[in-house]
Amino acid sequence: MLKTAPSKSSSRLITFQHDVITGLADSPKRLPCKYFYDKRGSALFDEICELDEYYLTRTEQAIMDRYASEMGAQIDSGAMLVEYGSGSSIKTRILLDHLIDPVAYVPVDISHRHLQRVAERLRADYPHLEVIPVTADFTRPFSLPTPRQPATHCAVYFPGSTIGNFEPAQAERLLRSITERCGDGGGLLIGIDLVKDVETLERAYNDDAGVTAAFNLNLLHRIRDELDADIDVEAFQHVAFYNDAASRIEIYIRSLKRQTIDIAETSFQLDAGELIHTEYSHKYTIEGFSKLAARAGLELHRSWTDDDRLFAVLHLVVTGGQA
Ligand code: AVI
């Protein structure tokens with residue numbers, strides 16, 4: 001019998017369906033936040049980054065604008081700069097402008113086509129820099145390319161407070177993998193969102209225009225449209241609040257009535273008021289994050305914040321050991 005391998009898009013759908021069914025079968029119910037980012041979800045996230053209430057993006061950008069020359073000076077010459085979740089590489093440009101003779105820039109992102117387009121633009125703007133895009137999910141093992149000119153060390157750039165979307169144990173594992181990837185002489189420049197008053201935090205995830213709500217509920221639209229699921233999307237609501245004990249924003253989808261979701265022969269019963277967990281966004285103190293990073297073999301070297309101490313960019317260097 002002739003067997004044909006499943007196409008990329010059908011295996012992607014199989015994984016999506018598997019993850020959704022596994023998450024909804026769990027107690028409490030959950031859906032993985034990585035599925036926020038289809039075309040519409042990515043556009044909504046770009047809108048979130050422009051919102052008055054969402055201080056994170058503009059504050060990190062302002063820190064980069066103000067301190068990129070100091071950051072560049074911390075990173076030795078001849079680096080291969082690897083960016084995790086590079087997206088449009090917007091904040092990277094200012095860093096690249098201040099690095100001393102980097103040999104290569106390696107943007108790592110899951111979206112192949114977008115990555116190629118961004119790489120083309122960067123090659124045009126930085127003709128002396130080798131730009132080597134890698135399509136990969138950085139939470140899974142992936143290989144780094146070998147640049148034409150040998151690098152003296154590897155420096156990872158991980159902006160955007162994306163580390164906050166991982167639970168501390170997962171974050172530690174990811175940091176450990178960065179330590180191992182970089183080895184001696186390597187380091188990490190990372191953006192983290194800082195602990196602050198609850199009102200500012202909760203406003204950032206409950207904007208008046210409802211963009212974050214649409215971003216969150218877009219997950220249900222995806223499940224309905226891509227998995228052909230029977231879901232009354234209107235009967236759900238966005239919920240986001242700060243959990244002080246865990247120092248994190250918790251995001252859920254709340255069922256407004258007792259109802260059933262049907263996906264591929266499987267039915268999931270929801271009570272009125274029942275929550276489906278979709279995302280955590282952890283907030284750190286510089287000290288707390290340094291302790292977490294130390295357990296992963298990284299030592300805090302320098303940090304930069306805005307005047308209101310909303311956000312921080314940290315430079316950590318590889319020590320390799322356990323704290
Ligand atoms: C991508 N990440 C850092 C965002 C955050 O703030 O945790 C995702 C997000 N979720 C809702 N609004 C923004």
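Numbering of ligands and ligand atoms starts at 1, following listing order. Everything quoted here is computed from the prediction, not taken from an experiment.
Contact annotation: for Asn165 versus ligand 1, heavy atoms closer than 4.0 Å belong to the side chain alone. Only the side chain of Phe45 comes within 4.0 Å of ligand 1, counting heavy atoms alone; its backbone N, CA, C and O stay farther away. Here Tyr280 has no heavy atoms under 4.0 Å from ligand 1, in either its backbone or its side chain.
Those atoms of ligand 1 with a heavy atom of Tyr37 less than 4.0 angstrom away are 1 (C), 8 (C). Near Phe215, the atoms of ligand 1 lying under 4.0 angstrom from a non-hydrogen atom of the residue are 10 (N), 11 (C). If you number the atoms of ligand 1 from 1 as listed, the ones under 4.0 Å from a heavy atom of Ser161 come out as 3 (C). Which parts of ligand 1 touch Gly160 is read off a 4.0 Å heavy-atom cut-off, strictly below it: atoms 3 (C). Close contacts between ligand 1 and Ser281 involve ligand atoms 5 (C), 6 (O), 7 (O) [criterion: under 4.0 Å to a heavy atom].
Residue contact check for ligand 1: Gly164 places no non-hydrogen atom closer than 4.0 Å to it. At least one heavy atom of Tyr54 lies less than 4.0 angstrom from ligand 1.
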task = Test side-chain contact (heavy atoms from CB on, under 4.5 Å) on Phe241 and Glu202 and set out the steps.
result = CA-CA 6 Å; Phe241 59 83; Glu202 292 192 340; 3.6 Å; yes
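Salt-bridge check for Arg30 with Glu279: failed, with every basic side-chain N at 4.0 Å or more from each acidic carboxylate O. Between Asp307 and Arg66, at least one side-chain N (NZ, or NE/NH1/NH2) sits under 4.0 Å from a carboxylate O, which counts as a salt bridge.
Backbone and side-chain nitrogen or oxygen atoms of Thr212 are examined, and none is located within less than 3.5 angstrom of a nitrogen or oxygen of ligand 1.
A donor-acceptor contact under 3.5 angstrom links the side chains of Tyr252 and Glu250, judged on distance only.
The single protein non-hydrogen atom nearest to atom 9 (C) of ligand 1 is Glu279 OE1, 3.5 Å, given as residue, atom name and distance.
Screening Val195, Asp193, Leu194 for a side-chain contact (heavy atoms from CB on, under 4.5 Å) involving Leu201 leaves a single residue, Asp193.
Under a 3.5 Å cut-off, the side chain of Glu274 and the backbone N or O of Asp271 do form a donor-acceptor pair. Judged by distance alone, with hydrogens and angles left aside, the side-chain atoms of Thr278 form no donor-acceptor pair with the main-chain N or O of Asn216 at under 3.5 Å.
Rounding to the nearest 0.5 Å places SG of Cys49 at 8.5 Å from CG of Leu56.
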